[in-house]
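Each ligand, and each atom within it, is numbered from 1 in the order the structure gives.
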Amino acid sequence: MKKKILLSTLIIFSIVCTLNAATLLSPNKNLKLEFQLTPSGEPEYSFFYREKAVILPSKMGFELKNMPSFVNGFQIHKIDTLTFDQTWEPIWGEVRQIRNHYNEMLVCLEQKSTQRTMKIRFRLFDDGLGFRYEFDKQQNLSYFQIMEEFTQFALTADHKAFWIPGDYDTNEYYYTTTKLSEVDASKVDGSGIGTHGYFAKNAVQSPLMMKTDNGLYINIFEAALIDYPAMQLLIDQKKLVLTSSLVPSAVGVKAFMQTPQNTPWRTIIVSDKATDILASKMILNLNEPCKIKDTDFIKPQKFIGIWWAMHVPNKWSWNYAHEPNIKLKDTDWNALKPLPQHGAKTENVKRYVDFAAANGIPSVLVEGWNVGWEDWMGNWKEEVFDFVTPYPDFDVKEIHRYAASKGVKIIMHHETSASVTNYERRLDKAIEFMKENGYEAVKTGYVGRIIPRGEYHDGQWMVNHYIRVAEKMAENKIMLDAHEPVRPTGLHRTYPNWLACEAARGNEFNAWSAGNPPEHETILPFTRLMGGPMDYTPGIFEIKMSYYQPGNPCQVHTTLAKQLALYVTMYSPLQMAADLPENYEKRMDAFQFIKDVAVDWDDTKYIEAEPGDYITVARKAKNTDDWFVGAITDENARMAVIPFNFLDAKQWYVATIYSDAENADWKENPMAYKIQKFLVNSKSILKQKLAPGGGAAISLKKATKEEMKELKKL
Ligand code: NOJ
Ligand code: CA
């Protein structure tokens, strides 16, 4: 598949500026950006939606190490503006075509006292603003170190915010909803998260989703995070000003720069409709086009895995033996006494391959296949895994022969235990091993404290590492799914082999912690998913962990029907059917939805949404006439209203509705579902009841003549 640019216009004009201010309008004129220099030459911007301020005058600039700062003393040298309008086709995505339409203003600033320049490039779209700082190659600025970035977002009031604590290592928190003035990161329970620690009570992470009292939705984030640390936000709880706070390096410096270099884009998406926030493609548009020439190897897909059985109680293990305090180099793995519960055994893998083959699932992930899991966590040690030595009971050749005979692929797992030096050292060999054995995709993982010691998951060094891995995998035609990386910022436009990331609190937390509150999946699309797809691992049918271990209080905080709906509401080109095959085999009627649902789309319609409360979305499967709808709610029951006006007006469709049974409830009765079929057309409107913590999943296919006779109209 080739990325096509379909239409493009570019109009450029430039003004040599003597003024201290400039204004830019969005293409539809609803958004306005104002830039100005204060009397002391500080750059400042403000941002308006339909004439109303969203961001009050806000400062921009940097503190540098052992150098005069980039805060004031600026003059405007020149301002270039242009209009850009291009429609492009992503390799995979929520829609077939994306329009990249903006007005741009490049403000070229000169700091006379230091003879240095800094540019600020603003792009104003119909749905939001992006801006970044650019440092040209110049005589008085080559190497420099950023100690802090002072980008501010001065808000107009004490908005409601959906936030997770500012943390340099993890985003695996549940969300808290409070006014900005009430944010207190110390009140958030981080237990269950491997490596965590808030760095200030009043700091939160981006994407930050907010709602004003007047019903305006504001999302602050960043795009194209490359060679720079992630941006978190410090809240001035009196003035209601957010200031960027960058994740530090091991030596305290925030970013090591060499001109020419740019920062990532700072983004503000805004609308009075929550559905517009979800539909925004601005983050993707601010990323560079696809850098991969031959993208045929990139295949959106579903997978199952030797995985959930290690997360639920009393079932399987990653480790082969019980040997804490083991050393990778000096261990004779064949001499160890195997545990009966080791998951990644050849016979278990074959059973999963059989299930995948029988149900049209292309791939099987296998975790715990390689030596080192006996002692992989918590010791901050460098040599944990080598990524090429299977356990004695995992017959790699036989497994691949067997899988190939059934048309199934095995997904590689590289848990690095955050020993990134070790991973980089061994990566070439690990890739060679994958290629020799026919692996086409890899899931990476970064559980633990980072080595090089002192670096953080979201710092500049690690940001570069994740991209290095994505590039290397692309060179070798391998698809990538990264767990515990920095949260994505739209880089999947540039590297579409990077199908998904975790980088948030996934379904797995429900197996062994207080879990994810029922509202969690109604917030993630407004926050974490703004930057790219998540490997959330939906599809859990056996909801309560007491099934595996009597008395165990953990459970998935949704109904079974909501687990189905997540395949549509949590957009990802890589979707796991995460539960155990035997749990699916007991409910093959419900599993049919997971078999049928697409992972790549021609079109997407967000029907209704409210962060923290509900989301309903319809998507048209790529290259077909089939549609799929997902509707989810938080802990409150709700009536989702779904007009089928997106359907082909000339056709009747069969709607298969997988919904909560009458008496379903996430807590008391989560596994009660019903499946109904009706004929619908573009005029039909479905009123669908969702149970507390519930949801509904609907597949829509054109009706055959027989179905027209047999089935009732809605
Ligand atoms: C955490 C990941 O999110 C999970 O998917 C994986 O199974 C474990 N780490 C082990 O790598
Ligand atoms: Ca709610």
N/O to N/O under 3.5 Å, ligand 1 against protein:
unit_1	atom_1	unit_2	atom_2	d
ligand 1	3 (O)	His483	ND1	2.8
ligand 1	3 (O)	Glu484	OE2	3.1
ligand 1	3 (O)	Glu502	OE1	3.2
ligand 1	3 (O)	Glu502	OE2	2.9
ligand 1	3 (O)	Glu508	OE1	2.9
ligand 1	3 (O)	Glu508	OE2	3.1
ligand 1	5 (O)	Trp307	NE1	2.9
ligand 1	5 (O)	Lys443	NZ	2.6
ligand 1	5 (O)	His483	ND1	3.4
ligand 1	5 (O)	Glu508	OE1	3.2
ligand 1	7 (O)	Trp307	NE1	2.9
ligand 1	7 (O)	His311	NE2	3.1
ligand 1	7 (O)	Glu367	OE1	2.5
ligand 1	7 (O)	Glu367	OE2	3.3
ligand 1	11 (O)	His413	NE2	3.4
ligand 1	11 (O)	Glu415	OE1	2.6

Inset, instruction - Start with the C-alpha gap between Ser363 and Gln301, add the side-chain angles, then the distance that decides, and say whether side-chain hydrogen bond (donor to acceptor under 3.5 Å, both in side chains) holds. - result: CA-CA 8 Å; Ser363 300; Gln301 59 182 288; 2.4 Å; yes
Inset, instruction - Verify whether one side chain among Asp169 and His196 offers a donor that lies under 3.5 Å from an acceptor in the other. - result: no
Inset, instruction - Return yes if a side-chain donor-acceptor contact under 3.5 Å exists between Tyr536 and Glu521, otherwise no. - result: yes
Inset, instruction - Just say parallel, tilted or perpendicular for the rings of Trp307 and His311, cut-offs at 30° and 60°. - result: tilted
Inset, instruction - Please work out which of the three classes, parallel, tilted or perpendicular, describes the rings of Trp316 and Tyr352, given edges at 30° and 60°. - result: tilted
Inset, instruction - Using salt bridge (Lys or Arg N to Asp or Glu O under 4.0 Å) as the criterion, list what pairs up with Glu608, not counting sequence neighbours. - result: Arg638
Inset, instruction - Applying salt bridge (Lys or Arg N to Asp or Glu O under 4.0 Å), name anything that partners Glu424, two or more places apart in sequence or on another chain. - result: Arg468
Inset, instruction - Name the orientation class of the two ring planes belonging to Phe385 and Trp376 (parallel below 30°, tilted from 30 to 60°, perpendicular beyond 60°). - result: tilted
Inset, instruction - Pull up every protein N/O/S atom sitting under 3.0 Å from the Ca ion (ligand 2), skipping waters. - result: Gly612 O, Asp613 OD1, Asp634 OD2
Legend entry - Among Trp369, Tyr423, Tyr439, Phe433, ring pair (Phe, Tyr, Trp, His ring centres under 6.0 Å) partner for Phe387: Tyr423
